[in-house]
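This report concerns only the one structure given below.
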Amino acid sequence: MRFPEIVRLMEITGNPDWRRHVAMVQPPQLDNFYRHIARRIGTEPDAFTTGHGQKDPLSEWVRILRFRFATTRDEFWRGVHRQPDWRRDPIPFPESCHFE
């Protein structure tokens, strides 16, 4: 990875909206984040989603961030699943400023 790709990666991982997305979504939805990263740094779309069995710094960052906000995420999804289906309105994630 070269300097321009590192700068793009830092822009994304430092963005509060993407940090909130990574911290709050269900695991299958993390693919959107990895595909966005791949697109921004100019690599193949499934570069981070194929699970080559390697530890990479990006997946470690995702793991740490998700661990840090696990309680917030669990409480949010518990509240979503408690609503009856007939009343299920989209509940927004907490504001992105909480994920710095």
Side-chain angles (χ1 to χ4, degrees):
M1 198 176 279
R2 297 181 314 247
F3 185 71
E5 288 87 5
I6 292 172
V7 170
R8 287 184 199 119
L9 185 62
M10 295 309 296
E11 287 174 350
I12 297 166
T13 58
N15 181 308
D17 292 329
W18 275 113
R19 292 174 65 87
R20 174 181 56 188
H21 176 83
V22 170
M24 296 298 293
V25 298
Q26 300 290 353
Q29 295 170 316
L30 285 172
D31 286 353
N32 294 334
F33 171 72
Y34 288 122
R35 286 190 184 102
H36 180 71
I37 293 277
R39 201 170 33 251
R40 285 297 308 267
I41 64 173
T43 189
E44 56 275 359
D46 62 349
F48 299 105
T49 60
T50 55
H52 298 296
Q54 303 176 55
K55 276 281 196 191
D56 67 270
L58 184 59
S59 66
E60 187 65 10
W61 177 83
V62 167
R63 187 191 66 74
I64 290 168
L65 186 72
R66 288 181 62 78
F67 178 78
R68 183 173 165 202
F69 293 104
T71 303
T72 304
R73 182 178 55 255
D74 293 344
E75 288 173 2
F76 173 82
W77 287 109
R78 227 183 343 266
V80 167
H81 294 303
R82 269 192 228 133
Q83 286 189 353
D85 287 336
W86 60 269
R87 191 174 166 215
R88 194 164 289 172
D89 291 327
I91 299 173
F93 289 147
E95 292 184 29
S96 59
C97 62
H98 297 290
F99 298 93
E100 295 179 357

Rounded to the nearest 0.5 Å, the CZ atom of Phe67 sits from the CZ atom of Arg73 at a distance of 10.5 Å
Donor-acceptor under 3.5 Å (Trp77 side chain, Met24 main chain): yes
Pairing of Glu11 and Arg8 as salt bridge, 4.0 angstrom limit: no
Which distance, rounded to the nearest 0.5 Å, do you find between the CG of Asn15 and the NE2 of His21? 11.5 Å
Atom of Phe33, atom of Val62 and distance for their closest heavy-atom approach: CE2-CG2, 3.8 Å
Nearest heavy-atom approach of Glu44 to Ala38 is O-CB, 3.4 Å
Rounded to the nearest 0.5 angstrom, the CG-CZ distance for Leu30 and Arg35 is 11.0 Å
With rounding to the nearest 0.5 angstrom, report the CG to CZ distance, Asp17 to Arg20. 5.0 Å
Does Arg19 use its side chain to pair, donor to acceptor, with the backbone of Gly14 at less than 3.5 Å? no
Please lay out, stage by stage, how Thr43 and Glu5 fare under the test side-chain contact (heavy atoms from CB on, under 4.5 Å). CA-CA 10 Å; Thr43 189; Glu5 288 87 5; over 6 Å; no
Working to the nearest 0.5 angstrom, can you tell me the gap between Arg66 CZ and Thr72 OG1? 12.0 Å
Compare every heavy atom of Tyr34 with every heavy atom of Ser59, then report the nearest pair and how far apart it is. CA-OH, 3.7 Å
Would you compute the distance between atom CD1 of Ile37 and atom OG1 of Thr13 and round it to the nearest 0.5 angstrom? 6.5 Å
